Every structure is written in structure tokens, then in C-alpha cells.
Protein chains: 2
Amino acid sequence: MKTEEIRRSLVEKGLKVTPQRIAVLEAVTILNNHPSADHIIEYIRKTHPNVSTATVYKVLDALAENGLIKRVKTERDIMRYDAILDKHHHLYCSESDRIEDYSDEQLDQMLEDYFRRKDIPGFSIEDVKLQIIGKFRQT
Amino acid sequence: MKTEEIRRSLVEKGLKVTPQRIAVLEAVTILNNHPSADHIIEYIRKTHPNVSTATVYKVLDALAENGLIKRVKTERDIMRYDAILDKHHHLYCSESDRIEDYSDEQLDQMLEDYFRRKDIPGFSIEDVKLQIIGKFRQT
DNA sequence: AAACAAAAGAGAATGATTCTCTTTTAATAA
DNA sequence: TTATTAAAAGAGAATCATTCTCTTTTGTTT
Ligand SMILES: [Mn+2]
Ligand SMILES: [Mn+2]
Ligand SMILES: [Zn+2]
Ligand SMILES: [Zn+2]
């Protein structure tokens, strides 16, 4: 995502264009391994040494609220972030913090079909998330 | 789960039988709405006023490590616990902290079949968890 | 250029959980 | 039954990701 594109997407959402927001959105895009706030702060500070921790959290919130990034839940007490907005699932490593993307339209289709037919009494489904936990082979 | 049964299951796992462990395991069983550590502490203190917070956390860890209870992850920064050990999924309310059990053998079978056929390159699956998010109708 | 709401910065606060250290206790052996 | 001892409990401090509060700065609009 080029800087110009980032500017445009911020304006589009009615968000003020600030260097901090640009930097954070760039960081999440470039650090494409579902970075944590800490990762993002570390990365950003190389070029913007004075960015405050609180600002990064506030920016991440604003971006997530406005659908410019997604939050990725983990087993730990640490939120991770994702610049990929298309529907996809995640492969979680059971022995490290690695999280990889997993897109599978056939699977999504199957689940959608299944839950369209199958009614859960007293409950209306909004979203079905899959956490696929396992081990990555070799590197 | 009767107290005697609890004693037996602790012994079976090689865990010392302590009043605190019995109380916590009883609490998780009786508070059958996937209680948090806080809920459990509150409940236990009615009859065991001197139980320490740290002890409850340590007991919950020990019970979970030994498969006597299960951890239930939430969207929040709060762990919940489950005395039901059979395979089941959870329905998460998108507007409250309510979590209900959802068992669906047909679904499990479908997913198992799917992932037995479908290989994810470089990844070996250990577990597939489903988070079903939505709204409970009426109460 | 001025005005102003929104955003950033600094640092304290929060809160679930973990840690450290001391005391107690359940299990086992004598 | 009593003594031994490793494991567990208790108390309270520490941790640490995240949030909050308050002040200062800045992006956007006139
Ligand atoms: Mn925490
Ligand atoms: Mn927290
Ligand atoms: Zn992703
Ligand atoms: Zn359950």
C-alpha cells in the first residue's frame, strides 16, 4: 500500500491524515506477519522516534474501527493486527507466535452452506471463525 | 461432580487432594457458564473465605494442565474455564459475555473429513476450533 | 491567518495474571 | 502415630499489555 493510497483511505473514512496514522498503517502492511502493537512501535520508531505508545494503540483502534485493518486474536494476552482485509483464516503455531494466513473458499462455502441449513435454536450467527492450530514443518 | 468423584480424579492425576482444589473444581462444575477466575474466587470465598487469589489461579492451571478442566478463550483479556470435557464448540454473544456450549457431531465429522482430504502445505493440523459469534434471541 | 475539534504525547493507572517468598499441609515412611 | 518432606497455599508485590487523563500540538476548515 503506497503512501498516497493510505492518505486516500484515511480521508475516505473521514479520519484526519496524520504522520502517525500513515506510519502505523504502513507498518502493519509491511510487517506482514500479523504484528503486535509492540512490533509496530519498534518498527515505527526507527523513522519516527517520538511516536507515543498510547498513540499507536489509539491509531490501531481507529484503523480497526474503520475497517482499514483487522484485529487478530491470539492465545496470548496480546493483540495482533492484519492489513489483509479479504476473508481468510489463520494457521496458529502451537509452539511459537507464528500466525500465517489461510484462505480457503471451498471451506468457507462448505461452512456457509452448513450453517444456512442448520439452525441453532435461540441463536443467530453473525460470524464463524476458524482457528487452525498446529505445527509448521521445517522453517 | 460429587466431592468423592473429584477426590478420585485428583488422585488419578497424581495431584494432592487439597480443600482448595476440591473447591475450585466444584465451583467450575457448578458455575456452569464458563466462569472466569474472578467468578470462581467470588463463589469459593462464600464457603472458603481465606482462599488466595494466586492459589485459585495456580489450581486452575494445574487442573487445566491435567485435563480436568478446559480453558475457554474469549475476545477479552479474561480466561474462562469449562468443566465439560467432551468435544464441543462455543457460541459467543457479540454483545455480552455469555458463552454457551454447542455440540455438533455432524459438523465435527464434516470438518474432520474435509481436513483429512485437504492438505495444508507445510502445516500439520492439531486442532480446529470454531468460534461461533452472534446474538442470543430473547433471554 | 485564525479557530477549533481532533489527535498526539507523557506518564500514571488499570487489571488480569504471575511471581517471589514464607508458611502450611497432604502424603508417605518410620 | 509421629516425623519427614516435597508440594501447595497464602500474602502481597510485580508484570505488562492496554487504557486513561490531562496537556499540548496539529490537521482541517473558514
Ligand atoms: Mn494481562
Ligand atoms: Mn490486561
Ligand atoms: Zn491474516
Ligand atoms: Zn463449554
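Worth saying up front: this structure is predicted, and the values here are computed from it rather than measured. Proteins come first, then strands; the chains are lettered A, B, ... in the order of their sequence lines, and each starts at number 1.
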Inset, instruction - Please report, rounded to the nearest Å, how far the P atom of dT19(D) is from the CG atom of L60(A). - result: 10 Å
Inset, instruction - Mind calculating the distance between CZ (R76(A)) and P (dC16(D)) to the nearest angstrom? - result: 13 Å
Inset, instruction - May I ask you to verify if any side-chain N or O of Y57(A) is less than 4.0 angstrom from the OP1 or OP2 atom of dT18(D)? - result: yes
Inset, instruction - Could you state the atom-to-atom distance from CD1 of I22(B) to P of dT25(C) in whole Å? - result: 15 Å
Inset, instruction - Give me the other members of the hydrophobic cluster that L85(B) sits in, counting Ile, Leu, Val, Met, Phe, Trp and Tyr linked by side-chain heavy atoms under 4.5 Å, directly or via other members. - result: none
Inset, instruction - Assign a letter to each nucleotide of nucleotides 6-15 of chain D from its 5' end: B, base within under 4.0 Å of a protein heavy atom; S, sugar-phosphate only; -, no contact. - result: BBSBBBB---
Name each donor-acceptor pair under 3.5 Å that joins a side chain in residues 59-68 of chain A to protein atoms two or more places apart or in another chain, with its distance.
unit_1	atom_1	unit_2	atom_2	d
D61(A)	OD1	R71(A)	NH1	3.1
E65(A)	OE2	R71(A)	NH2	2.5
N66(A)	ND2	A62(A)	O	2.8

Legend entry - Whole angstrom value for the distance that separates P of dC16(D) from CD1 of I41(A): 15 Å
Inset, instruction - Round to the nearest Å and state the distance from D38(A) atom CG to dC16(D) atom C1'. - result: 9 Å
Inset, instruction - Give the other cluster members for I84(A), using side-chain heavy-atom distances under 4.5 Å between Ile, Leu, Val, Met, Phe, Trp and Tyr residues; answer none if it is isolated. - result: none
Inset, instruction - Considering only Ile, Leu, Val, Met, Phe, Trp and Tyr, and joining two whenever side-chain heavy atoms are under 4.5 Å apart, list the other residues clustered with I78(A). - result: none
Legend entry - Separation of dT26(D) P from H48(A) NE2 (nearest whole Å): 13 Å
Inset, instruction - Could you tell me which residues satisfy ring-ring contact (aromatic ring centres under 6.0 Å, His included) with Y114(B), sequence neighbours excluded, listed by chain and number? - result: none
Inset, instruction - With axes from five pairs an end, tell me the bend angle of the helix from dA1(C)-dT30(D) to dA30(C)-dT1(D), nearest 10°. - result: 30°
Legend entry - ring-ring contact (aromatic ring centres under 6.0 Å, His included) pairs, two or more places apart, involving residues 61-98 of chain B: H34(B)-H90(B), H88(B)-H90(B)
Legend entry - Which residues share a side-chain hydrogen bond (donor to acceptor under 3.5 Å, both in side chains) with E95(B), sequence neighbours left out: none
Legend entry - Side-chain H-bond candidate by donor/acceptor type, S94(B) with E126(A), under 3.5 Å: yes
Legend entry - Rounded interatomic separation in angstrom, taking CD1 from I78(B) and C1' from dT14(C): 12 Å
Legend entry - Greater than 12 external heavy atoms within 6.0 Å of E105(A)'s CD: no
Legend entry - Euclidean distance, atom CG of residue D97(B) to atom P of dA16(C) [Å, nearest integer]: 11 Å
